[in-house]
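A short write-up of the structure that comes next.
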Amino acid sequence: VQLQASGGGSVQPGGSLRLSCEASGRIFNSYVMGWFRQAPGKEREFVAATKRSGLSTVYADSVKGRFTISRNNAKNTVTLQMSSLQTEDTAVYYCAFRYGEVVVSAMRRESEYNEWGQGTQVTVSS
């Protein structure tokens, strides 16, 4: 599976941005797609993830209520709509893909994902 991320850019605090990630290749009916981010000088952290089944969607506490992850199963695409952006959201955002099912509690773990996109920069600054 290959991941192609798009979107990102620069925005002022309080603004919005949208990221998209398309998966291609040998994709079966069970997978998890999500987003992680890495700010300068910090470790990569979980942002949001969703199962293809739609049964489970999880968010990091820091983005809950501001970010929304959605999916288009026909296109094997996930979108991260980011609103009320803050300077602390500045980071490189990575799309991630996991083959098959996983328990909900594990969806936040970086080690559970098999494939990664190239990363896209999000900068929130006045």
Side-chain angles (χ1 to χ4, degrees):
V1 171
Q2 295 79 43
L3 301 177
Q4 181 64 50
S6 60
S10 297
V11 66
Q12 293 184 341
S16 299
L17 285 173
R18 184 168 64 182
L19 305 180
S20 293
C21 180
E22 179 179 7
S24 61
R26 294 197 67 185
I27 300 171
F28 299 102
N29 288 333
S30 177
Y31 60 76
V32 179
M33 289 185 72
W35 293 92
F36 288 72
R37 66 186 182 186
Q38 187 169 22
K42 295 186 177 181
E43 294 186 351
R44 190 154 56 182
E45 65 176 5
F46 171 77
V47 176
T50 183
K51 293 186 177 183
R52 184 187 187 278
S53 65
L55 294 178
S56 299
T57 297
V58 293
Y59 294 93
D61 289 343
S62 59
V63 307
K64 200 173 295 183
R66 300 188 298 121
F67 291 12
T68 302
I69 188 170
S70 59
R71 70 197 181 285
N72 182 327
N73 291 343
K75 297 183 178 181
N76 294 315
T77 299
V78 291
T79 298
L80 185 68
Q81 179 65 48
M82 305 182 291
S83 302
S84 301
L85 282 161
Q86 305 166 357
T87 55
E88 306 87 84
D89 296 315
T90 295
V92 176
Y93 284 69
Y94 295 91
C95 177
F97 181 98
R98 174 194 162 82
Y99 300 98
E101 274 294 335
V102 68
V103 296
V104 173
S105 60
M107 291 172 66
R108 301 169 184 269
R109 297 181 200 154
E110 184 175 342
S111 60
E112 294 292 340
Y113 292 83
N114 310 107
E115 308 291 350
W116 294 85
Q118 78 277 19
T120 184
Q121 177 71 45
V122 171
T123 302
V124 185
S125 173
S126 55

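Values below: every heavy atom of this structure, side chains too, minus hydrogens, waters and symmetry copies. All values derive from a computational prediction rather than experimental measurement. Positions are given from 1, in the same order as the sequence printed here.
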Please report the C-alpha distance between Arg52 and Asn29 in whole Å, then the side-chain angles of each, then the deciding distance to 0.1 Å, and finally whether the side-chain contact (heavy atoms from CB on, under 4.5 Å) criterion is met. CA-CA 7 Å; Arg52 184 187 187 278; Asn29 288 333; 4.0 Å; yes
Under 6.0 Å between the ring centres of Phe46 and Trp35? no
Within the side chain of Thr90, is there an N or O that forms a donor-acceptor pair under 3.5 Å with the backbone of Val124? yes
Donor-acceptor under 3.5 Å (Ser56 side chain, Lys51 main chain): no
Check step by step if side-chain contact (heavy atoms from CB on, under 4.5 Å) holds for Ser62 and Arg37. CA-CA 12 Å; Ser62 59; Arg37 66 186 182 186; 3.5 Å; yes
Verify the distance criterion only: is there a donor paired with an acceptor across the side chains of Glu101 and Tyr31 at less than 3.5 Å? no
Nearest heavy atoms of Gly34 and Tyr113, plus distance in Å: N-CE2, 4.4 Å
Do Leu17 and Leu80 belong together in a cluster built from hydrophobic side chains that touch within less than 4.5 Å? yes
Ignoring hydrogens, what is the shortest heavy-atom contact between Ala91 and Ala39? Give both atom names and the distance. CB-N, 3.7 Å
Hydrophobic cluster membership, with links at side-chain heavy-atom distances under 4.5 Å among I/L/V/M/F/W/Y: are Val122 and Val78 in one? yes
What verdict does the side-chain contact (heavy atoms from CB on, under 4.5 Å) test give for Leu19 and Met82, after you've listed the backbone C-alpha separation in whole Å, the side-chain angles of each residue and the deciding distance to 0.1 Å? CA-CA 8 Å; Leu19 305 180; Met82 305 182 291; 3.7 Å; yes
Look at the rings of Tyr93 and Phe67 and say which category their plane angle falls in: under 30° parallel, 30 to 60° tilted, over 60° perpendicular. tilted
Is Gln38 close to Phe36 at the side-chain level, that is, under 4.5 Å between some pair of heavy atoms? no
Residues Asp89, Arg66; criterion side-chain contact (heavy atoms from CB on, under 4.5 Å); working and verdict: CA-CA 11 Å; Asp89 296 315; Arg66 300 188 298 121; 2.7 Å; yes
I'd like to know if the side chain of Arg108 reaches the main chain of Val104, judged simply by a donor and an acceptor atom lying under 3.5 Å from each other, with no hydrogens or angles considered. no
So, Arg98 side chain and Asn114 main chain: donor-acceptor pair closer than 3.5 Å or not? no
Strictly distance-based, threshold 3.5 Å: is any side-chain N or O of Ser111 a donor or acceptor partner for the main-chain N or O of Arg109? no
Side chain Asn73, main chain Asn76, donor-acceptor under 3.5 Å: no
Cation over ring face, Arg44 and Tyr94, 6.0 Å, 45°: yes
Are Met107 and Leu3 connected into the same hydrophobic cluster when the rule is that any two of I, L, V, M, F, W, Y join if their side-chain heavy atoms are below 4.5 Å apart? no
Nearest non-hydrogen partners of Ile69 and Tyr59, listed with the distance: N-OH, 2.9 Å
State whether the number of non-hydrogen atoms from other residues, nucleotides or ligands found under 6.0 Å of Lys64 atom NZ is greater than 12. yes
Using the rule side-chain contact (heavy atoms from CB on, under 4.5 Å), only one of Met33, Arg71, Gln4 pairs with Cys21; which is it? Met33
dist Thr79:OG1 -> Glu22:CD (nearest 0.5 Å) comes out at 10.5 Å
Which atoms form the tightest heavy-atom contact between Ser84 and Ser16, and what is the distance? N-OG, 4.4 Å
For the CD atom on Glu88, are there more than 12 heavy atoms of other groups (residues, nucleotides or ligands in this structure) within a distance under 6.0 Å? yes
Are Leu85 and Val47 connected into the same hydrophobic cluster when the rule is that any two of I, L, V, M, F, W, Y join if their side-chain heavy atoms are below 4.5 Å apart? yes
When clusters are formed by joining ILVMFWY residues with side-chain heavy atoms under 4.5 Å apart, either directly or through shared neighbours, do Ile27 and Val32 land in the same one? no
Should Thr123 and Gln121 be marked as a side chain to side chain donor-acceptor pair (under 3.5 Å) after you check the CA-CA gap, both sets of side-chain angles, and the distance that decides it? CA-CA 6 Å; Thr123 302; Gln121 177 71 45; 3.3 Å; yes
Could you tell me the separation between the OG atom of Ser24 and the CD atom of Gln2, rounded to the nearest 0.5 Å? 4.5 Å
